[in-house]
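Residue numbering restarts at 1 for every chain, and letters A, B, ... go by the order of the sequence lines.
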Amino acid sequence: MSYWKTFSKGILKENPVLVMLLGTCPTLATTTLVSSALGMGAATTFVLICSNVVISLLKRVIPKEVRLPCFIVVIAGFVTFVSFILQSYLPDLYDSLGIFLSLIVVNCIILGRAEMFASKNNVAASALDGLGMGVGFTLALFIMSSVREILGCGSWLGFSFGNWYEPMIFFITPAGGFFVFGTVIAVVGILTKKRPKKEFGCENCPSKDACAQKGGC
Amino acid sequence: MKEMLVILFSAILVDNFVLSKFMGICPFLGVSKKLDSAIGMSGAVTFVMVMATAMTYPIYKFLLVPNHLEYLNTMAFILVIALFVQLVEILLKRYMKGLYNSLGVYLPLITTNCAVLGVTLLNIENDYNFLQSLVNALGAGLGFTLALILFAGVRERVEAAEVPKAIKGVPITLIAASIVSMAFMGFGGMVEGIFG
């Protein structure tokens, strides 16, 4: 696969959120404001690139049986690093992301890329893959948060539209999050002329192998 | 006692982990197709949540705080959860075959369930004591169970319904979840009203 394809597949064709339906928790929880969505996207992209590079470097050292705990430790290390940086330089963003900053550790996009890509490919390809997936994730969060902030707050990236527009609070409630997510996936399905994925399936799940052995899923 | 009840019912109804805090969405949407698997999954999640809290709380209070290593909590907690889940899986497989067959298949999925790590971190963040933490974890688990079982019922009806082609599958599932979540918004303020 060419390097360009490795990078670009994450943005549209295999978009982790809108096509593969991974990382749904942060997609719903951090998209009430465009600024926090972009912050979440950037933090996740950073962790994704770093963990992909390190895991790709260590792929011959990590024993197969304990690879998941090893991946998690690497990811958790970078998440702790990112939260230090945000806490000291961008305290507002740190507060608005709250616990979801720590929960990047269990974001299945990161573990999934480690398992499916970084542990099988070289360092450069893994870094590009991480960058592409991160950009795709950020793009999905950006779309979701734009819809929710414009309709729910009457502003975009903090710029208010003025008083003529009465915001619909529904869109910034949790219920509105589910609704917007469903609608965005439906629109993406229509635009790409692909049938929307029928179910939340197992084929992209990082724990797939573990369950398959027992006939689950 | 009253304080415990407030924590318990807040975690189940008002601050439902799935429907208002957005944690554990993947299993909520993935395993709610059949009632059997919904019950199995939520049983396993509740058990792991309570046990993980029982283990991570002392680790934080007696190991991390005295050594000024509070910032390592995410890393320490996720390791403890991953190891514990692995251990439970091995023990169940060896000694309780029946339980293993009904719960065991969901255990590997639980390590990456953000609701489990979430509840242990929130207990620390909210400054709960040990008992309050356990009650909060139990409430979170029961809330997860309630949401999953209710939603499994909703989905059976959605499967049978005639929906436009464009929103078939995932989109209609999410819109149904939106309506269930809206129903749970009705509980806001209720717990304080009864026990407060």
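Both the backbone and the side chain of B:M182 come within less than 4.5 Å of a heavy atom of chain A. For B:L79, the part lying under 4.5 angstrom from a heavy atom of chain A is the side chain only. For A:V73, the parts lying under 4.5 angstrom from a heavy atom of chain B are both the backbone and the side chain. Within the 4.5 angstrom heavy-atom criterion, no atom of B:I172 approaches chain A. Using a 4.5 Å cut-off between heavy atoms, A:T80 touches chain B through its side chain atoms alone.
At a threshold of 4.5 Å between non-hydrogen side-chain atoms, the residues B:K21 and B:L122 count as touching. Within the 4.5 Å cutoff, the side chain of A:P26 has heavy atoms near those of the A:N107 side chain. Looking only at side-chain heavy atoms (C-beta outward), B:Y57 and B:N129 come within less than 4.5 Å of each other.
Chain A forms more heavy-atom pairs under 4.5 Å with one residue of B:L117, B:N73, B:V180 than with any other, namely B:L117. Interface summary for chain A: among B:G118, B:A183, B:A115, B:A82, the most heavy-atom pairs under 4.5 angstrom belong to B:G118.
A:E149 and A:V34 get closest at one heavy-atom pair: OE1-N, 2.7 Å.
Evaluation of the salt bridge (Lys or Arg N to Asp or Glu O under 4.0 Å) rule for A:R113 yields A:D129 as partners, not counting sequence neighbours.
Here A:F178 and B:F22 bring their ring centres to under 6.0 angstrom of each other.
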